[in-house]
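Order of the sequence lines sets the chain letters (A, B, ...), proteins ahead of strands, with each chain counted from 1.
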Amino acid sequence: AQSVTQLDSQVPVFEEAPVELRCNYSSSVSVYLFWYVQYPNQGLQLLLKYLSGSTLVESINGFEAEFNKSQTSFHLRKPSVHISDTAEYFCAVTLSGNTGKLIFGQGTTLQVKP
Amino acid sequence: ETGVTQSPTHLIKTRGQQVTLRCSSQSGHNTVSWYQQALGQGPQFIFQYYREEENGRGNFPPRFSGLQFPNYSSELNVNALELDDSALYLCASSLAGRSLMGGYTFGSGTRLTVV
């Protein structure tokens with residue numbers, strides 16, 4: 001069975017500092033990988049995704065994630081965070097060829113402090 | 001884009017009661033999925049509907065059921081509510097095919113509390 005583990009439940013960081021949110025997955029078949037962000041009282045928004053090709057994917061607001069097949073990881077990074085990045089971040093996988101059912105990790109709360 | 005609208009936003013029910021949660025999908029989206037997000041946890045897949053038929057189900061008992069209508073709206077019904085059903089219920093719509101690539105639009109959810 002597939003599963004997703006987010007290794008940190010909370011990550012406090014100061015504004016303009018770099019951050020890494022860790023995600024590991026387990027699957028015996030090919031997967032697609034995603035990061036979603038959830039701001040307070042809002043639904044989930046797709047931040048970035050890995051389907052195939054380049055293992056480094058980027059979002060429009062400065063986040064990036066790298067797919068590492070050998071380590072079964074898809075860590076999310078940002079070189080300099082803003083207060084507005086404070087949110088809950090979810091790593092998710094779906095099986096390629098599946099109906100699109102998403103399997104989520106437990107979530108990581110990113111707390112950016114001034 | 002009209003987005004995904006869920007109603008009600010908050011709901012309190014008594015154990016043993018039945019509840020219906022509603023979702024209005026983004027216009028043109030023929031696939032809708034429902035997720036349960038318990039406090040402090042990631043969302044868990046309940047089921048997916050495509051063209052008004054169930055198209056995949058997670059590890060949830062039969063008392064969780066759904067409907068999808070031709071006007072892109074859908075319902076999640078839960079019978080015989082239990083305390084553990086207390087959670088945020090998320091609706092996500094997509095065009096078939098795009099759902100595989102994470103192309104979901106999520107609603108803000110319905111917060112259900114069972115007492």
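More than 12 heavy atoms of other residues, nucleotides or ligands shown are found within 6.0 angstrom of CG on B:Asn71. The neighbour count for B:Ile12 CD1, taken as heavy atoms of other residues, nucleotides or ligands under 6.0 Å away, does not exceed 12. At most 12 heavy atoms of other shown residues, nucleotides or ligands fall within 6.0 angstrom of atom CZ in A:Phe14. Counting heavy atoms of neighbouring residues, nucleotides and ligands inside a 6.0 Å radius, atom CG of B:Leu83 exceeds 12 of them. Atom CZ of B:Arg63 has more than 12 neighbouring heavy atoms from other residues, nucleotides or ligands inside a 6.0 Å radius.
Contact annotation: the side chain of B:Phe47 never approaches that of A:Lys101 to less than 4.5 Å [non-hydrogen atoms, C-beta and beyond].
Both A:Tyr25 and A:Leu47 are members of a single hydrophobic cluster when ILVMFWY side chains are connected at heavy-atom separations under 4.5 Å.
Taking all atoms of both residues into account, the shortest heavy-atom contact from A:Phe90 to B:Gln37 is CZ-NE2, 3.1 Å. Nearest approach of B:Phe106 to A:Leu102, heavy atoms of both residues: CZ-CD1, 4.3 Å.
The candidate with the highest count of non-hydrogen atom pairs below 4.5 Å against chain A, out of B:Gly42, B:Ser33, B:Pro43, is B:Pro43. Per-residue counts of heavy-atom pairs under 4.5 Å with chain B were compared for A:Gln6, A:Glu88, A:Gln45, A:Gln38; the largest is that of A:Gln38.
In this structure, CZ in A:Phe104 is found 11.0 Å from CZ in B:Phe45, a value given to the nearest 0.5 Å.
Neither the backbone nor the side chain of B:Gln44 has a heavy atom closer than 4.5 Å to any heavy atom of chain A.
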